[in-house]
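Input: a single structure, listed below in structure tokens.
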Amino acid sequence: MCGIAAIFNIKGDSERFRSTALTMSRRIRHRGPDWSGIYVGKSAVLAHERLSIVDPASGGQPLFSPDRKQVLAVNGEIYNHQDIRREFAGKYSFATGSDCEVILALYREKGAGFLEDLNGIFAFALYDEEKDDFLIARDPIGVIPLYIGRDREGKVYCASELKALEGICDSYEPFLPGHCFIGSEGVMKRWYRRD
């Protein structure tokens with residue numbers, strides 16, 4: 001169990017929302033007592049509370065692509081990560097042994113269309129600094145919890161527990177299983193299509 005908290009669509013100085021993200025993250029710290037990490041970018045802030053299971057030594061989050069243009073905060077486990085790593089041998093330079101880092105490699109190659117390639121349970125927030133866009137997604141049957149919220153200024157929030165959003169967002173709801181939210185599209189849509 002880990003915890004994620006993120007804020008997207010920030011207009012102006014995103015550093016102003018570091019303390020908000022840290023407040024959100026503190027509310028779910030019990031989910032990940034081993035590591036706390038935060039990233040502040042152009043229009044996004046991602047925070048992570050980690051319970052070290054896979055790669056305790058180097059799997060701290062948020063995770064970064066080799067050029068640091070994509071940033072990822074994940075709660076979950078990717079069961080087929082070894083197969084995906086083999087697929088990217090020589091094409092992608094993995095920095096950790098984390099099962100979740102394969103999400104970054106898949107995203108860089110396929111964009112948001114990679115979700116069907118994942119076998120696992122997950123909820124994640126990915127920020128693409130190069131495109132100034134983001135992707136939020138949840139596993140097909142919703143094993144891993146995730147909530148999404150919005151405020152009047154158009155910022156989008158997500159977190160592993162509802163209490164991280166309370167008093168910060170003007171509206172919030174469960175993030176639906178098997179769905180994703182691409183920032184530039186602005187709607188939650190189903191990605192999982194199998195029976």
Side-chain angles (χ1 to χ4, degrees), residues 1-9 21 24-25 27-32 37 39 44-51 53-54 59 61-63 65 70-81 83-84 98-128 131 133-151 155-166 168-195:
M1 176 169 76
C2 295
I4 65 171
I7 309 170
F8 298 105
N9 281 351
M24 293 167 63
S25 197
R27 293 177 182 177
I28 57 172
R29 185 147 296 150
H30 60 278
R31 299 183 65 87
Y39 159 83
V45 181
L46 281 72
H48 189 267
E49 299 296 331
R50 182 172 190 234
L51 177 64
I53 297 174
V54 178
Q61 294 190 38
L63 296 165
S65 61
Q70 288 83 35
V71 189
L72 176 69
V74 190
N75 176 22
E77 184 177 356
I78 307 304
Y79 304 140
N80 61 336
H81 71 102
D83 294 335
I84 296 169
S98 169
D99 55 305
C100 296
E101 191 178 2
V102 298
I103 292 171
L104 288 167
L106 286 165
Y107 173 82
R108 285 175 68 97
E109 182 172 277
K110 300 182 176 184
F114 74 88
L115 292 164
E116 283 281 358
D117 294 350
L118 296 176
N119 176 6
I121 54 175
F122 55 84
F124 69 79
L126 185 154
Y127 176 59
D128 188 329
K131 296 178 180 173
D133 203 0
F134 63 92
L135 169 65
I136 306 168
R138 190 173 181 204
D139 66 76
I141 60 173
V143 173
I144 302 298
L146 189 64
Y147 296 86
I148 187 168
R150 293 173 181 80
D151 67 15
K155 290 188 292 300
V156 175
Y157 301 75
C158 70
S160 297
E161 292 185 24
L162 188 58
K163 66 183 173 187
L165 304 179
E166 290 174 339
I168 293 172
C169 300
D170 294 309
S171 64
Y172 40 79
E173 62 185 312
F175 198 97
L176 298 175
H179 281 65
C180 67
F181 187 105
I182 299 169
S184 55
E185 295 178 6
V187 294
M188 191 184 319
K189 66 179 185 181
R190 186 166 187 78
W191 65 265
Y192 188 72
R193 300 284 176 201
R194 284 171 276 173
D195 292 339

Quiz prompt | Closest non-hydrogen atom pair between Phe134 and Asn9, with its separation | solution = CE2-OD1, 3.5 Å
Quiz item: Can you name the closest pair of heavy atoms from Leu146 and Cys158 and give their distance?
Solution: CD1-CB, 4.3 Å
Exercise. Using a strict 4.0 Å threshold on nitrogen-to-oxygen distance, state whether Glu116 and Arg194 make a salt bridge.
Key: yes
Quiz prompt | Exercise: identify the closest heavy-atom pair between Phe8 and Ala125 | solution = CZ-CB, 3.8 Å
Exercise. Give me the ring orientation class for Tyr127 and Tyr39: parallel if the planes are under 30° apart, tilted from 30 to 60°, perpendicular past 60°.
Key: tilted
Practice problem: Could you go through the side chain to side chain contact (heavy atoms under 4.5 Å, CB included) check for Asp128 and Leu135 one step at a time? | Solution: CA-CA 8 Å; Asp128 188 329; Leu135 169 65; over 6 Å; no
Quiz item: Do Ile148 and Glu173 pass the side chain to side chain contact (heavy atoms under 4.5 Å, CB included) test, and can you show the C-alpha distance, the side-chain angles, and the key distance before you say yes or no?
Solution: CA-CA 6 Å; Ile148 187 168; Glu173 62 185 312; 3.7 Å; yes
Quiz prompt | Nearest-0.5 Å distance, CD1 of residue Ile28 to CD1 of residue Ile4 | solution = 7.5 Å
Quiz item: Can you check whether Leu104's main-chain N or O pairs, donor with acceptor, with Ser65's side chain at less than 3.5 Å?
Solution: no
Quiz item: If you measure from OH on Tyr147 to CG on Leu162, what distance do you get to the nearest 0.5 Å?
Solution: 6.0 Å
Quiz item: Closest heavy-atom contact between Ser25 and Ala5?
Solution: N-CB, 4.3 Å
Quiz item: Where do Arg27 and Glu49 land on the side chain to side chain contact (heavy atoms under 4.5 Å, CB included) test, with the steps shown first?
Solution: CA-CA 10 Å; Arg27 293 177 182 177; Glu49 299 296 331; over 6 Å; no
Quiz item: Could you walk me through whether Ile136 and Val156 pass the side chain to side chain contact (heavy atoms under 4.5 Å, CB included) check?
Solution: CA-CA 10 Å; Ile136 306 168; Val156 175; 4.2 Å; yes
Self-check item: Phe175 vs Met188 side-chain heavy atoms within contact, under 4.5 Å
Solution: yes
Quiz item: Taking side chain as C-beta onward, heavy atoms only, is Ile84 less than 4.5 Å from Leu118?
Solution: yes
Quiz item: NE2 of His179 to NZ of Lys189: how many Å apart, nearest 0.5 Å?
Solution: 10.5 Å
Quiz item: Do Arg150 and Asp170 have side-chain heavy atoms sitting under 4.5 Å apart?
Solution: no
Practice problem: Identify which one of Asp117, Val102, Asp99, Asn119 satisfies the side chain to side chain contact (heavy atoms under 4.5 Å, CB included) criterion when paired with Asn80. | Solution: Asn119
Self-check item: Check: His81 side chain, Tyr79 main-chain N or O, donor-acceptor pair, under 3.5 Å
Solution: no
Practice problem: Could you tell me whether a side-chain N or O of Asn75 sits under 3.5 Å from a main-chain N or O of Ile144, the two making a donor and an acceptor? | Solution: no
Self-check item: Pairwise distance CG(Leu115) to CZ(Arg190) - rounded to 0.5 angstrom
Solution: 12.0 Å
Practice problem: Give a yes or no answer on whether the side chain of Trp191 reaches the backbone of Gly113 with a donor-acceptor pair at less than 3.5 Å. | Solution: no
Quiz item: Measuring from Phe124:CZ to Arg138:CZ, what's the distance to the nearest 0.5 Å?
Solution: 13.0 Å
Quiz item: Which pair of non-hydrogen atoms, one from His48 and one from Cys2, has the smallest distance, and what is that distance?
Solution: NE2-CB, 3.7 Å
Quiz item: So does Lys163 have more than 12 non-hydrogen atoms from other groups sitting under 6.0 Å from NZ?
Solution: yes
Self-check item: Distance in Å, Ser184 OG paired with Lys131 NZ, rounded so as to fall on 0.5 Å steps
Solution: 8.5 Å
Quiz prompt | Whether Glu101 side chain and Leu63 backbone form a donor-acceptor pair below 3.5 Å | solution = no
Exercise. For residues Glu166 and Tyr172, report the shortest heavy-atom separation together with the two atoms involved.
Key: CG-OH, 3.7 Å
